[in-house]
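In what follows, every chain begins at residue 1, and chains take the letters A, B, ... in the order their sequences are listed. Keep in mind that this is a model prediction, so the values were computed, not measured.
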Amino acid sequence: MPDPASLDLNRRDLMVGATAAAAAAALPTAAGAASAAPAAPVTAKVAFTVNGERRELDLDLRTSLLDAAREHLHLTGSKKGCDHGQCGACTMIVDGRRINACLTLAVMHQGAEITTIEGLGQPDNLHPMQAAFVKHDGYQCGYCTPGQICSGVAVLDEIKAGIPSHVTADLNAPMQVTEAEIRERMSGNICRCGAYSNIVEAMTEVAGRRA
Amino acid sequence: MKSFTYERPATPAEAAAAVARNPEAKFIAGGTNLLDLMKLQIETPTHLVDVNGLTLDAIEPTPEGGLRIGALVRNTDLAADARVRRDYAVLSRALLAGASGQLRNKATTAGNLLQRTRCPYFYDTAQACNKRQPGSGCSALDGISRGLAVIGASEHCIATHPGDMAVAMRVLDATVETVDGGGATRSIPIAEFHRLPGDKPETDTTLRAGELITAVTLPKPPGGRHVYRKVRDRASYAYALVSVAAVVQPDGTGRVAFGGVAHRPWRVEEAEAELPKGAKAVTARAFAGARPTHDNGFKLTLAERTLGAALHEAQAPGREGVRP
Ligand SMILES: Cc1cc2nc3c(=O)[nH]c(=O)nc-3n(C[C@H](O)[C@H](O)[C@H](O)COP(=O)(O)OP(=O)(O)OC[C@H]3O[C@@H](n4cnc5c(N)ncnc54)[C@H](O)[C@@H]3O)c2cc1C
Ligand code: SF4
């Protein structure tokens with residue numbers, strides 16, 4: 001989480017960045033006065049780092065982080081499946097943690113460090129998790145794959161950081177990379193083709209290599 | 001999604017004041033419940049007050065020997081906190097049984113308590129729902145109600161509180177700390193926080209308009225063995241049909257709350273006296289007066305068996321939650 005001082009600055013950036021009408025609308029209304037629904041879409045500027053590159057966008061406030069990446073930055077690796085946080089196809093790593101990019105507003109990520117599948121590796125320079133998915137056939141149609149891989153990378157980090165899961169037998173003992181742990185921790189990524197067992201193999205191999 | 005304006009206040013009191021003066025404003029924390037509902041235009045705030053910049057993300061010891069959990073502590077961090085794992089394992093377990101890793105990374109303590117109590121018809125804007133549109137009727141009464149409440153419901157709403165964390169908070173006697181638009185603070189015992197539907201199913205909690213949750217405090221650790229057992233339609237990533245949060249002492253006494261059965265976490269303190277006699281005696285009292293629908297009578301059997309399994313688990317050797 002960024003420190004409060006930087007958030008303060010960000011807030012100013014946001015207000016200054018908003019269009020004139022929007023800035024007025026975004027300011028607190030006078031006490032007792034209820035503001036009506038804004039007639040036109042309200043926009044604001046937001047800046048964050050995506051795959052190591054600083055990006056600035058002027059966005060309709062309603063834009064999800066997923067739509068910001070796909071529609072505005074043309075990073076179409078992250079997929080829109082359900083758009084309701086149920087399928088995991090939109091998984092990105094934000095400030096070191098995997099999240100559902102569809103269930104968060106882009107403007108809420110001022111100053112964030114965002115990694116999408118495009119930032120993990122490239123076709124001629126695959127991330128070990130990408131290479132392992134290829135080797136083990138961790139996909140069929142490939143639609144959920146970017147989310148699976150981002151999630152897979154973050155899951156191994158979570159285990160390493162000692163974050164327990166629902167299937168962890170002893171909450172106070174060191175975490176293990178087991179098939180049960182991988183399956184439980186990956187349950188937020190749905191694969192309609194059912195490549196799960198191959199995904200588990202790919203992740204197990206990467207975990208083993210790391211250890 | 002309807003258009004809205006947006007601000008990031010600097011202090012909790014400012015945040016509360018911003019929502020208090022505008023009935024169409026809402027706080028946004030992790031956004032995982034609110035944005036879900038805004039996309040369906042079930043929630044249509046015209047102003048969002050982003051609370052993520054308020055430094056309410058610490059877990060601190062209280063002078064009474066308990067813990068004070070900031071409203072913005074993420075579910076992942078709360079579940080992984082060493083003190084929570086050791087002294088309030090039922091809370092870690094409940095959190096880890098909920099949602100997915102991605103969602104827990106975003107979801108906050110306050111947001112989790114305030115996720116809407118709801119049913120599938122609440123999500124379907126083509127169907128009548130008193131909770132979504134007061135006075136329109138309840139589609140669940142004659143509809144599919146397999147997952148819905150068996151006790152404490154009314155003829156206006158039979159939805160269940162879907163959360164796991166709140167069930168553990170209830171068994172731990174947590175207190176919800178708030179600040180309002182005028183800067184006044186209030187402590188709400190968790191037992192009084194979530195409401196039964198009665199004739200006002202549109203209101204899930206006793207929180208007042210513009211009241212901001214700043215923290216949830218836990219009293220000193222209750223000791224004993226801690227179990228959270230959740231029964232659902234698949235092994236992971238699904239809401240509870242029935243869940244049980246239990247803290248069981250070596251002499252067999254303890255506390256127990258049920259999830260997935262009512263409009264709020266269901267705990268009947270008098271029923272806990274029966275714990276040494278076993279699950280059947282407890283559920284007979286805890287669910288006295290239950291009124292299952294044509295669809296969900298199985299939950300009463302399931303509650304008894306889930307509690308039985310939880311009590312069995314509490315006696316198994318090698319479980320955490322035993323204070324050295
Ligand atoms: C696919 C899916 C599966 C899920 N499965 C489970 C599950 O199995 N078990 C479970 O328990 N939950 C589950 N959830 C729900 C999830 O736990 C909640 O969405 C989450 O906890 C909400 O927290 P948030 O911080 O994102 O809240 P938000 O969406 O930001 O806010 C929710 C509500 O709380 C209000 N609010 C937020 N912070 C404050 C504050 N400090 N003071 C006052 N009001 C505030 C907001 O105005 C809003 O009305 C699931 C969600 C999804 C999308
Ligand atoms: S049970 Fe409650 S939430 Fe569901 S349709 Fe009826 S009124 Fe709406």
Novice: Do B/K2 and A/P38 come within less than 4.5 Å of each other through their side chains, counting heavy atoms only?
Specialist: no
Novice: Would you compute the distance between atom OG1 of B/T32 and atom CG of A/L103 and round it to the nearest 0.5 angstrom?
Specialist: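 The CG atom of A/L103 is 6.5 Å from OG1 of B/T32, to the nearest 0.5 Å.
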Novice: In Å and rounded to the nearest 0.5 Å, what is the OG to CG distance from B/S92 to A/N172?
Specialist: 8.5 Å
Novice: With the side chain counted from C-beta on, respond yes when B/L40 and A/H84 share a heavy-atom pair under 4.5 Å apart, and no when they do not.
Specialist: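 They are in side-chain contact.
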Novice: Applying side-chain contact (heavy atoms from CB on, under 4.5 Å) to A/E158 and B/N105, what does each step give before you reach the verdict?
Specialist: CA-CA 11 Å; A/E158 285 165 17; B/N105 280 342; 3.6 Å; yes
Novice: List the steps, then state whether side-chain contact (heavy atoms from CB on, under 4.5 Å) holds for A/Q110 with B/R8.
Specialist: CA-CA 11 Å; A/Q110 174 69 32; B/R8 271 186 245 176; 3.7 Å; yes
Novice: Count the heavy-atom pairs under 4.5 Å between each of A/G88, A/G162, A/P164 and chain B, then report the option with the highest count.
Specialist: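 Of A/G88, A/G162, A/P164, A/P164 has the most heavy-atom pairs under 4.5 Å with chain B.
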Novice: Among A/N100, A/D60, A/I163, single out the residue with the greatest number of heavy-atom pairs under 4.5 Å to chain B.
Specialist: A/N100
Novice: For B/L48, is it the side chain, the backbone, both or neither that has a heavy atom under 4.5 Å from a heavy atom of chain A?
Specialist: side chain
Novice: Find out whether A/V42 and B/Y6 are in side-chain contact, i.e. whether some heavy atom of one side chain is under 4.5 Å from a heavy atom of the other.
Specialist: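 No, every pair of side-chain atoms sits at 4.5 Å or beyond.
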Novice: Return the option, out of B/G101, B/S100, B/G30, with the maximum number of heavy-atom pairs under 4.5 Å with chain A.
Specialist: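 Maximum pair count with chain A is reached by B/G101.
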Novice: Can you say whether A/M175 sits under 4.5 Å from chain B via the side chain, the backbone, both, or neither, judging by heavy atoms?
Specialist: side chain
Novice: Name the region of A/A154, side chain, backbone, both or neither, that has any atom closer than 4.5 Å to a heavy atom of chain B.
Specialist: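 For A/A154, neither part sits under 4.5 Å from chain B.
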Novice: Using non-hydrogen atoms only, which part of B/D50 is less than 4.5 Å away from chain A: side chain, backbone, both, or neither?
Specialist: side chain
Novice: Please list, in residue-number order, every residue in residues 183-196 of chain A that has a heavy atom less than 4.5 Å from any heavy atom of chain B; write 'none' if there are none.
Specialist: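 Residues A/E184, A/S187, A/G188, A/N189, A/I190 are the ones that qualify, each having a heavy atom under 4.5 Å from chain B.
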Novice: Just so I understand: if I count every heavy-atom pair under 4.5 Å between each of A/V167, A/I99, A/V155, A/T104 and chain B, which residue has the most?
Specialist: A/I99
Novice: How long is the gap from CD on B/Q102 to OG1 on A/T91, to the nearest 0.5 Å?
Specialist: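 Reported value, rounded in 0.5 Å steps: 4.0 Å.
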Novice: Can you tell me how far CZ of A/R62 sits from OG of B/S3, rounded to the nearest 0.5 angstrom?
Specialist: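 Reported value, rounded in 0.5 Å steps: 4.0 Å.
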Novice: Between B/L103, B/I28, B/L96, B/T44, which residue shows the highest count of heavy-atom pairs closer than 4.5 Å to chain A?
Specialist: B/L96
Novice: Quick one: what part of A/S165 sits under 4.5 Å from any heavy atom of chain B, side chain, backbone, both or neither?
Specialist: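 When you check distances to chain B, only backbone atoms of A/S165 fall under 4.5 Å.
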Novice: Measure the CZ-NZ distance between A/R98 and B/K106 for me, rounded to the nearest 0.5 Å.
Specialist: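 Rounded to the nearest 0.5 Å, the CZ-NZ separation comes out at 14.5 Å.
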Novice: What part of B/A107 gets closer than 4.5 Å to chain A, counting heavy atoms only: side chain, backbone, both or neither?
Specialist: neither
Novice: Hey, does B/R93 have a side-chain heavy atom less than 4.5 Å from the side chain of A/L171?
Specialist: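 Side chain of A/L171 against side chain of B/R93, heavy atoms only: contact under 4.5 Å found.
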Novice: Is A/R97 salt-bridged to B/D77, cutoff N-O under 4.0 Å?
Specialist: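 The answer is yes: the pair qualifies as a salt bridge.
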Novice: Does B/H312, at its NE2 atom, have more than 12 non-hydrogen atoms belonging to other residues, nucleotides or ligands within less than 6.0 Å?
Specialist: no
Novice: Relative to chain A, which segment of B/A97 carries a heavy atom at a distance below 4.5 Å: side chain, backbone, both, or neither?
Specialist: both
Novice: Give, for atom CG of A/D83 and atom CG of B/L35, the distance between the pair rounded to the nearest 0.5 Å.
Specialist: 10.0 Å
Novice: Only pairs of heavy atoms separated by less than 4.5 Å count here; which of B/A25, B/P45, B/A80, B/S236 has the most with chain A?
Specialist: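 The answer is B/S236.
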